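In the text below, chain A, chain B and the rest are named by the order of the sequence lines, each starting its count at 1. Only a predicted model underlies this, so the values are computations on that prediction, with no experimental measurement involved.
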4 protein chains.
Amino acid sequence: MINRVVLVGRLVRDPNMRYTQNGVAVTTFTLAVDRPFVGADGDRKADFISIVAWRKLAEIVGENLKKGRQVAVEGRLQSRSYDNRDGQRVYVTEVVADNILFLDSPRGRREDGEAEVAPAAGGSVDPFFDAEEVDLSEDDLPF
Amino acid sequence: MINRVVLVGRLVRDPNMRYTQNGVAVTTFTLAVDRPFVGADGDRKADFISIVAWRKLAEIVGENLKKGRQVAVEGRLQSRSYDNRDGQRVYVTEVVADNILFLDSPRGRREDGEAEVAPAAGGSVDPFFDAEEVDLSEDDLPF
Amino acid sequence: MINRVVLVGRLVRDPNMRYTQNGVAVTTFTLAVDRPFVGADGDRKADFISIVAWRKLAEIVGENLKKGRQVAVEGRLQSRSYDNRDGQRVYVTEVVADNILFLDSPRGRREDGEAEVAPAAGGSVDPFFDAEEVDLSEDDLPF
Amino acid sequence: MINRVVLVGRLVRDPNMRYTQNGVAVTTFTLAVDRPFVGADGDRKADFISIVAWRKLAEIVGENLKKGRQVAVEGRLQSRSYDNRDGQRVYVTEVVADNILFLDSPRGRREDGEAEVAPAAGGSVDPFFDAEEVDLSEDDLPF
DNA sequence: TTTT
DNA sequence: TTTT
């Protein structure tokens, strides 16, 4: 399968971090992704996308991101359904993140200084990246 | 904004082609995107993603794709809401396609022959691609 | 065809803006895309990717971006070859950008103020986006 | 960092599988990715992109793919340089694959039957995918 | 030939 | 139910 999503947007609320019964961290948040041009009514529009992160990524997000913060999110699209309190089946499409890059701090907070700025390496948690492989590709490459 | 999605999957039903009041073609379909590994219950799982195409792409899809057909879909994620017949607000996240590539024919239909095979150039409608630009990049490039 | 690239990185030099003989603007620059972890030698590594932009996007980039500036780049991979001054054929793989989002200003320049900050709507030039379509999808949708 | 590439194309030659001194499998091949429209000269054009796969993915590719086979490739862009036999530094940009999906069989080989068809699950090796997580997201979700 |  |  091929299933890849890349988004840049801002958190519309503080992220929501929880744990499953098995103690696995899960953090969810909604990302506002601006549309480039104004609508017919002259308003700027945005798409509001649900993001889910698991484990270490969930913890980094839950502890470091706040409402208004700009991030790049990479992941895959997932569909899920559940029954709400009225007994109705609700269908959800969300992005399961596997890499989140912290970009600039929220507007009007620039005076808060570096604490608001992206945590360096820790801000990006990339499950693809194999450090060993990188060195291989520069050392004893058979081609 | 950055908002990009790429999926490879199969249509779970025939696509649904309609026209807006202004005569603009819109085609919708659901794509099943397999997850690579089996779930805890030993079943193969898939994500079911709603796709929307407009205009020329809507017509090509509506006239050429059928249930079971494998395609690659490129587009952007869109959130939308509407009120259902019970007066409840329903939130939808779907992919607005801007490029669809027709891959192999539906399972168990291979005997149907070439008619089932991807229409050559017409199968991929890529709004990015500027033929002029391509030639520029091979002709009078100033670098 | 499916051919899509999304990168976030920083310009290693000021961009290079030129015009073809036909007066078409072309801007090129190199993007440094950090690798998430350090190499075997303890050094941070990056990939250096050549980016090409055409026309209106070329002009916006040429006039607004500077060395060190962080951007998100969306585009397609292109291969090209030319003969260098020694008469040898050189093969090049580069990204033809169709959307560039200006992110934060270069480090150590934050005191330069808003002039260094991303131009709002103009900073992102997205050839995909059809404003009409957006409104359609919220107005007279036949589904 | 964000660094993602998705391509659909065909192998222009059989893949080249080797091992590093440490016994790590590396397979390289070139992918032809068609451009959607014809050039000024009326010819169909393509971009030729170098792909590298490591370890298990390298072995699956080396043992199963052949010239002409259509695949979807997901990965990241990497820049690399080496000195050629003339002592000149050569710069290379290639895609390090982390997911390869086998699509239809080579042209003119359709009569070869199912042997030519994609190996089911084994054809796609997706390092992102965490089976456990999938089940979590359907079971004891805290939201 | 590399950015932060 | 929405961010800047």
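Salt bridge absent: A:D98 and A:R76 never bring a charged side-chain N and a carboxylate O closer than 4.0 Å. For A:D104 and A:R10, the salt-bridge test passes: some basic side-chain N is under 4.0 Å from an acidic carboxylate O.
For A:T30, the listed nucleotide lying nearest its side chain is F:dT2; candidates were E:dT3, F:dT2, E:dT2. Here the side chain of C:K67 is nearest to one of E:dT3, F:dT3, F:dT1, namely E:dT3. With F:dT2, E:dT1, E:dT3 as the candidates, the nucleotide lying closest to the side chain of A:V12 is F:dT2. Comparing F:dT2, F:dT3, E:dT3 by their closest approach to the side chain of A:R13 singles out F:dT2. Distances from the side chain of C:A32 to the nucleotides E:dT2, E:dT3, F:dT3 place E:dT3 closest.
Residue D:I51 forms a side chain to side chain contact (heavy atoms under 4.5 Å, CB included) with just one option from D:V96, D:T28, D:L7, and that option is D:L7.
In this structure, the NZ atom of A:K45 is 13 Å from the P atom of F:dT2, given to the nearest Å. To the nearest angstrom, C1' of F:dT3 lies 7 Å from CZ of A:R10. With rounding to whole Å, C:N84 atom CG is found 16 Å from E:dT1 atom P. One atom, CG of A:D14, and another, P of F:dT3, lie 12 Å apart when rounded to the nearest Å. What separates CG of C:D47 from C1' of E:dT2 is a distance of 12 Å, to the nearest Å. Protein atom CD1 of A:I51 is 14 Å distant from nucleotide atom C1' of F:dT2, rounded to whole Å. Across the protein-nucleic acid pair, D:L77 atom CG and E:dT3 atom P stand 20 Å apart, rounded to whole Å. When the C1' atom of F:dT1 is taken as reference, atom OH of B:Y82 falls 17 Å away, rounded to whole Å.
With sequence neighbours left out, the side chain to side chain donor-acceptor pair (under 3.5 Å) criterion links D:D83 to D:R89.
When side chains are defined from C-beta on, D:V92 counts as touching D:V90, because their heavy atoms get closer than 4.5 Å.
Centre separation under 5.5 Å together with a plane angle under 30° does not hold for the ring of A:F48 and the six-membered base ring of F:dT3, so they are not marked as stacked.
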